[in-house]
Asker: 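Structure provided below as C-alpha cells; questions to follow.
What you see is a predicted model, and the numbers here were worked out from it, not measured in a lab.
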Amino acid sequence: MKLLEISHLKKSFGDLNVLRDISMSVSEGEVVAILGPSGSGKSTFLRCATMLETMDSGSMAYVGDYAVQDVDGKAVYADKATLHKLKNTFGLVFQNFNLFPHYSVMKNICDAPISVQKRNKAEVEAEAKELIKKVGLEGKEDYYPCQLSGGQQQRVAIARALAMNPKMIFFDEPTSALDPEITAEVLKVLRQLAEEKMTMIIVTHEIDFARKVADRVVFMDQGLIVEEGRPEDIIDNPSNERTRAFLQKMK
C-alpha cells in the first residue's frame, strides 16, 4: 500500500528555486534514505512533505487521501479537518531534537497523544513506558532534557514521534548534531524500527547506515532527484556523475 505519493512538487523562496520538480512515492514498511549535498533541497522537501512549509505547485496524498492537489499549476490544500487527520498519519524527528525543555521525558512523550489525540492518560503513559524501554532509556522517565546527552534526547524525540502511533516517520538528519559514539545509539534504534517494518524517510549523511538499512536510496541535487534505486546500486555503483562525485567526497 502506498502511504505517501508526491507528484511534481515545486517550491521557491523568492527567486531561488529550491525544489524544481520532485515526485516520490513511499510504500508501507519501506525505508527510504535521502542523500545529497547541503543545499540540494532535502530538508525543504521534508518540510513540504510534513506541511511545515507550503508547496507552490504539485500534489500530495497520504494513504490515498489528498492533502494537496495541483489546480492550474497551483498547490491547493485540503480543508483544515482533512489536514489535521492526515497530519496524524506521520511523525517527524528533527536534527536538533526540539524537546520541550520544561517537560520531563515522560511528559514530552505523553503530551501530544493526550492533548492532541485526546487519548486515555493511563493508556498513553503505559505505552510511553514501553517506548522509553524500547529506546534504551529506562529509569530516565523523570529526567529533563538538560540532564540528558544529545543521543538520549534524540531517542526521546523518536519515542515521542512513535507515541502518536504514526504510519510513517520522517527523520531530518537525526544524527548530524551528535558525535560519532552517540550517533551509534540513535542508529541502533532506527535499525530496530526498520526491522519492525516501520515506514521511514530518513535524510542522512550516514552512507553505511543507508547501505545497510534502506530499501531505497534517493540522491538529490539542486532541487531534483538525480537518481534512485537499491542501496547497492546507488551507493556502490551510481550511474550519475553528480552522485559519484558526492559519494567520493563522503568516503
Side-chain angles (χ1 to χ4, degrees), residues 1-13 17-36 40-94 112-113 116-119 158 160-174 190 193-194 196-204 210 214-221 223-230 234:
M1 180 172 69
K2 293 268 189 273
L3 289 189
L4 172 64
E5 291 179 89
I6 292 177
S7 296
H8 305 298
L9 159 54
K10 293 180 183 173
K11 176 67 184 174
S12 298
F13 295 101
N17 295 328
V18 179
L19 299 173
R20 295 194 283 154
D21 189 356
I22 301 281
S23 295
M24 185 189 295
S25 66
V26 181
S27 298
E28 193 169 19
E30 196 177 16
V31 178
V32 179
I34 302 179
L35 308 177
S40 58
K42 306 182 303 293
S43 289
T44 302
F45 168 73
L46 234 58
R47 289 179 67 81
C48 286
T50 56
M51 297 181 247
L52 290 174
E53 204 71 71
T54 53
M55 298 161 50
D56 294 337
S57 62
S59 65
M60 178 166 70
Y62 277 97
V63 204
D65 286 338
Y66 276 99
V68 187
Q69 288 185 287
D70 194 282
V71 180
D72 299 328
K74 285 231 169 75
V76 177
Y77 280 74
D79 59 79
K80 268 187 183 167
T82 302
L83 293 180
H84 179 74
K85 184 186 85 171
L86 296 181
K87 281 176 184 175
N88 276 320
T89 308
F90 59 80
L92 174 59
V93 176
F94 300 89
V116 178
Q117 294 181 330
K118 311 293 184 206
R119 285 164 55 203
I158 293 170
R160 179 178 64 179
L162 289 167
M164 300 290 280
N165 290 328
K167 292 186 186 296
M168 64 189 296
I169 302 184
F170 293 88
F171 294 86
D172 188 8
E173 299 276 12
L190 296 185
L193 291 175
E196 293 168 6
K197 292 294 176 202
M198 168 55 79
T199 311
M200 295 186 280
I201 295 182
I202 307 170
V203 169
T204 184
D215 299 300
R216 181 158 45 107
V217 169
V218 172
F219 178 72
M220 281 180 68
D221 194 18
L224 293 167
I225 291 175
V226 175
E227 61 179 315
E228 64 179 306
R230 298 180 311 166
I234 304 301

Asker: If every non-hydrogen atom of P166 is compared with every non-hydrogen atom of G91, which pair is closest and at what distance?
Answerer: CB-N, 3.6 Å
Asker: Can you see which heavy atom on V93 is nearest to which on A161, and at what distance?
Answerer: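 Shortest heavy-atom separation between V93 and A161 comes out as CG2-CB, 3.9 Å.
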Asker: Which pairs would a plain distance check flag for residues 52-64, meaning a side-chain donor or acceptor within less than 3.5 Å of a matching protein atom at least two apart in sequence or in another chain?
Answerer:
{"residue": "E53", "atom": "OE1", "partner": "R47", "partner atom": "NE", "Å": "3.4"}
{"residue": "D56", "atom": "OD2", "partner": "S12", "partner atom": "N", "Å": "2.7"}
{"residue": "Y62", "atom": "OH", "partner": "A49", "partner atom": "O", "Å": "2.5"}

Asker: Assess the residue pair L162 and L193 against the criterion (side chain to side chain contact (heavy atoms under 4.5 Å, CB included)); give the C-alpha distance rounded to whole Å, side-chain angles, the decisive distance to 0.1 Å, and a yes or no.
Answerer: CA-CA 10 Å; L162 289 167; L193 291 175; 3.9 Å; yes
Asker: So which atom in M200 and which in L190 form the shortest heavy-atom distance, rounded to 0.1 Å?
Answerer: CE-O, 3.4 Å
Asker: Output the distance between atom NZ (K42) and atom OG1 (T204), rounded to the nearest 0.5 Å.
Answerer: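 Answer for the NZ-OG1 pair, K42 versus T204, is 9.5 Å.
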Asker: Distance check, rounded to the nearest 0.5 Å: I201 atom CD1 versus F90 atom CZ?
Answerer: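 Spacing of CD1 (I201) from CZ (F90) equals 10.5 Å.
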Asker: Verify, without hydrogens or angle tests, whether K11 (side chain) and C48 (backbone) share a donor-acceptor contact under 3.5 angstrom.
Answerer: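 Checked: no pair found.
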Asker: What's the verdict on side chain to side chain contact (heavy atoms under 4.5 Å, CB included) for N165 and Q117, showing C-alpha distance, side-chain angles and the deciding distance?
Answerer: CA-CA 10 Å; N165 290 328; Q117 294 181 330; 5.5 Å; no
Asker: Under the 3.5 angstrom rule, does the side chain of E227 hit a backbone N or O of I234 as a donor-acceptor pair?
Answerer: no
Asker: Looking at S43 and D172, what are the two nearest heavy atoms and their distance?
Answerer: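 Residues S43 and D172, closest heavy atoms: OG-OD1, 3.0 Å.
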Asker: Can you list the residues that meet the salt bridge (Lys or Arg N to Asp or Glu O under 4.0 Å) rule with R20, with sequence neighbours excluded?
Answerer: none
Asker: Once side chain to side chain donor-acceptor pair (under 3.5 Å) is applied, do any residues pair with E28, and if so which ones, sequence neighbours excluded?
Answerer: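 Side chain to side chain donor-acceptor pair (under 3.5 Å) list for E28, sorted by chain: empty.
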Asker: How far apart are the C-alpha atoms of F171 and I158, what are their side-chain angles, what is the distance that settles it, and do they pass the side chain to side chain contact (heavy atoms under 4.5 Å, CB included) test?
Answerer: CA-CA 9 Å; F171 294 86; I158 293 170; 3.8 Å; yes
Asker: Return the minimal non-hydrogen interatomic distance between V31 and M198, and the atom names on each side.
Answerer: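 Looks like CG2-O, 4.0 Å.
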Asker: Walk me through it: do T89 and L3 pass the test side chain to side chain contact (heavy atoms under 4.5 Å, CB included)?
Answerer: CA-CA 9 Å; T89 308; L3 289 189; 5.7 Å; no
Asker: F45: which residues meet the ring pair (Phe, Tyr, Trp, His ring centres under 6.0 Å) condition with it, sequence neighbours left out?
Answerer: none
Asker: Please report the shortest heavy-atom distance between L83 and A67, naming the atom on each side.
Answerer: CD2-O, 3.6 Å
Asker: Rounded at 0.5 Å granularity, tell me how far CZ in F94 sits from OG1 in T50.
Answerer: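 Rounded to the nearest 0.5 Å, the CZ-OG1 separation comes to 7.0 Å.
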Asker: How would you list all residue pairs meeting side chain to side chain donor-acceptor pair (under 3.5 Å) that involve residues 65-84, not counting sequence neighbours?
Answerer: D65-K85, D79-T82
Asker: Could you state the interatomic distance from CG (L35) to CD (E228), rounded to the nearest 0.5 Å?
Answerer: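 The CD atom of E228 is 12.0 Å from CG of L35, to the nearest 0.5 Å.
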Asker: Can you list the residues that meet the side chain to side chain contact (heavy atoms under 4.5 Å, CB included) rule with D21, with sequence neighbours excluded?
Answerer: H8, K10, S23, L224
Asker: Name all residues meeting the side chain to side chain contact (heavy atoms under 4.5 Å, CB included) criterion together with A163; count only those two or more places apart in sequence or in a different chain, and write none if there are none.
Answerer: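 Checked A163 against side chain to side chain contact (heavy atoms under 4.5 Å, CB included); matches are I109, P113, L131.
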Asker: How long is the straight-line distance from CE of M24 back to CG of L4, given to the nearest 0.5 Å?
Answerer: 8.0 Å
Asker: Hey, could you give me the CD1/CE distance between I169 and M164, rounded to the nearest 0.5 Å?
Answerer: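 Here the interatomic distance stands at 11.0 Å.
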Asker: Under the ring pair (Phe, Tyr, Trp, His ring centres under 6.0 Å) test, which residues partner F219, sequence neighbours left out?
Answerer: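 Only F246 meet the ring pair (Phe, Tyr, Trp, His ring centres under 6.0 Å) criterion with F219.
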Asker: Return the set of residues passing side chain to side chain contact (heavy atoms under 4.5 Å, CB included) with E30 (not counting sequence neighbours), or none when no residue passes.
Answerer: V26, S27, V32, D215, R216
